[in-house]
Amino acid sequence: MKHLSLEQITELRDELSRQLDRLERSMRVTEEAMAPVMLDQTAVGRLSRIDSLQNQGLTRNLQERERVKLAHVQGALRRLDEGTYGLCVDCGDAIPFGRLYVVPEVPACASCSDAA
Ligand SMILES: [Zn+2]
């Protein structure tokens, strides 16, 4: 990651740690949102049951998105430690700081991401 300055790397690492914190907190909340439906299956009426299931579907989508994002953030932090951060995982090209600044956990350069 020679194309990144130490300040840029520090800034991106800070942002990634913040995102990791936020994600872990938010995933705990999502999990709690899923829980009541499982516990109250016999207690809730038919309509509210349908309601909860619909909400649960939304929550599950959110949970899936959070899981994917978490994997990306953790992968980026690992690459920071390994010294391969900022290099495209597909072609190995340097990912410009501008792109990393917007999406610090992005694993691939623009042309590889577009191809995917
Ligand atoms: Zn690439």
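We count ligands from 1, going down the list as the structure has it; atoms in each ligand are counted the same way. FYI, the numbering just counts along the sequence from 1.
- For the Zn ion (ligand 1), the nearby protein N/O/S atoms, meaning those under 2.8 Å, are Cys88 SG, Cys91 SG, Cys109 SG, Cys112 SG.
- Taking 4.5 Å as the limit, some side-chain heavy atom of Glu15 sits within range of a side-chain heavy atom of Arg18.
- Note on Glu31 versus Arg28: no salt bridge recorded, every NZ/NE/NH1/NH2 to OD/OE distance being 4.0 Å or above.
- A heavy-atom distance below 4.5 Å is not found between the side chains of Leu80 and Leu12.
- Looking only at distances, a side-chain donor or acceptor of Arg99 sits under 3.5 Å from a matching main-chain atom of Ala108.
- Under the 4.5 Å side-chain criterion, counting only non-hydrogen atoms from C-beta, Gln19 is in contact with Arg22.
- For the pair His3 (side chain) and Ile95 (backbone), a donor-acceptor distance under 3.5 Å is present.
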